[in-house]
Amino acid sequence: QVQLVESGGGTVQTGGSLRLSCAASGYTFSRNCMGWFRQAPGKEREGVAVIYTGGSATWYADSVKGRFTISQDNAKNTVYLQMDNLRPEDTAMYYCALQGSGMSCYTNFILGRRVGINDWGQGTQVTVSS
């Protein structure tokens, strides 16, 4: 059984940085997509960033391009989200997610179709104060 455990959330001021981690157990990195969604109160869950674990290609939502960086450590079965130059509008609960193989990372994460995304973490809160 796959388990995804996020960590690294917290409260920072505008312009600050945080690094989120998502450790996967019960699963070994293969040809999957793994990434991050976020959900602010009263808003829909949106895809933020995703990485193809079989080759390290990455995709980002327009709202975070140039500020967020997703990466992976295969030896640790962990995906990271480095968030720099944070803004108040980045405040949300951030969720790690794993998608089964053979499907589009961009379509299901960034465009939000979520087909084949069956495994989710419990979420970690990020709050950016102005």
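- Counting Ile, Leu, Val, Met, Phe, Trp and Tyr side chains that sit under 4.5 Å apart, directly or through other members, Tyr95 shares a hydrophobic cluster with Phe37, Val50, Tyr52, Trp59, Met93, Tyr106, Phe109, Ile110, Leu111, Ile117, Trp120.
- Here the straight-line distance linking atom CZ of Phe68 with atom OG1 of Thr58 works out to 14.0 Å at 0.5 Å rounding.
- Asp84 is linked by a side chain to side chain donor-acceptor pair (under 3.5 Å) to Ser17, Gln82, counting only residues two or more places apart in sequence or in another chain.
- Met34 contributes atom CE, which lies 10.0 Å from atom CD1 of Ile51 (distance to the nearest 0.5 angstrom).
- With values rounded to the nearest 0.5 angstrom, Trp36 atom CH2 is found 8.0 Å from Met83 atom CE.
- The ring pair (Phe, Tyr, Trp, His ring centres under 6.0 Å) test applied to Tyr94 returns no partner, not counting sequence neighbours.
- Residues forming a side chain to side chain donor-acceptor pair (under 3.5 Å) with Ser104 (at least two apart in sequence, or on another chain): Thr107.
- Side-chain contact between Thr69 and Tyr80 is absent, with no heavy-atom pair separated by less than 4.5 Å.
- Residues satisfying the side chain to side chain donor-acceptor pair (under 3.5 Å) criterion with Arg67, sequence neighbours excluded, are Asp90.
- Closest of all the heavy-atom pairs between Ala92 and Ala40 is CB-N, 3.8 Å.
- Checking side-chain atoms of Asn77 against main-chain N and O of Tyr27 turns up a donor-acceptor pair under 3.5 Å.
- Applying the side chain to side chain contact (heavy atoms under 4.5 Å, CB included) test to Asn118 and every residue at least two apart in sequence or in another chain returns nothing.
- Closest approach of Gly35 to Ile70, counting heavy atoms only: CA-CD1, 3.9 Å.
- Checked against side chain to side chain contact (heavy atoms under 4.5 Å, CB included), Ser130 has the following partners two or more places apart in sequence or in another chain: Thr14, Pro88.
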Only distances under 3.5 Å count here; give the side-chain donor-acceptor pairs of residues 4-13 to other protein atoms, sequence neighbours excluded, each with its distance to 0.1 Å.
from: Glu6; atom 1: OE1; to: Gln122; atom 2: N; distance (Å): 2.9
from: Glu6; atom 1: OE1; to: Gln122; atom 2: NE2; distance (Å): 3.4
from: Glu6; atom 1: OE1; to: Gly123; atom 2: N; distance (Å): 2.9
from: Glu6; atom 1: OE2; to: Cys96; atom 2: N; distance (Å): 2.7
from: Glu6; atom 1: OE2; to: Gly123; atom 2: N; distance (Å): 3.2

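- A donor-acceptor distance shorter than 3.5 angstrom exists from the side chain of Asn108 to the backbone of Val115, with no hydrogens or angles considered.
- Remark: Ser71 engages no residue in a side chain to side chain donor-acceptor pair (under 3.5 Å) (not counting sequence neighbours).
- Thr91 contributes a side-chain N or O that, together with a main-chain N or O of Val128, makes up a donor-acceptor pair within less than 3.5 Å.
- Identified under the salt bridge (Lys or Arg N to Asp or Glu O under 4.0 Å) test for residues 42-60, with sequence neighbours left out: Arg38-Glu46.
- Thr53 contributes a side-chain N or O that, together with a main-chain N or O of Asn32, makes up a donor-acceptor pair within less than 3.5 Å.
- Sorted by first then second residue, the disulfide bond (SG atoms under 2.5 Å apart) pairs that include residues 33-74, not counting sequence neighbours, are Cys33-Cys105.
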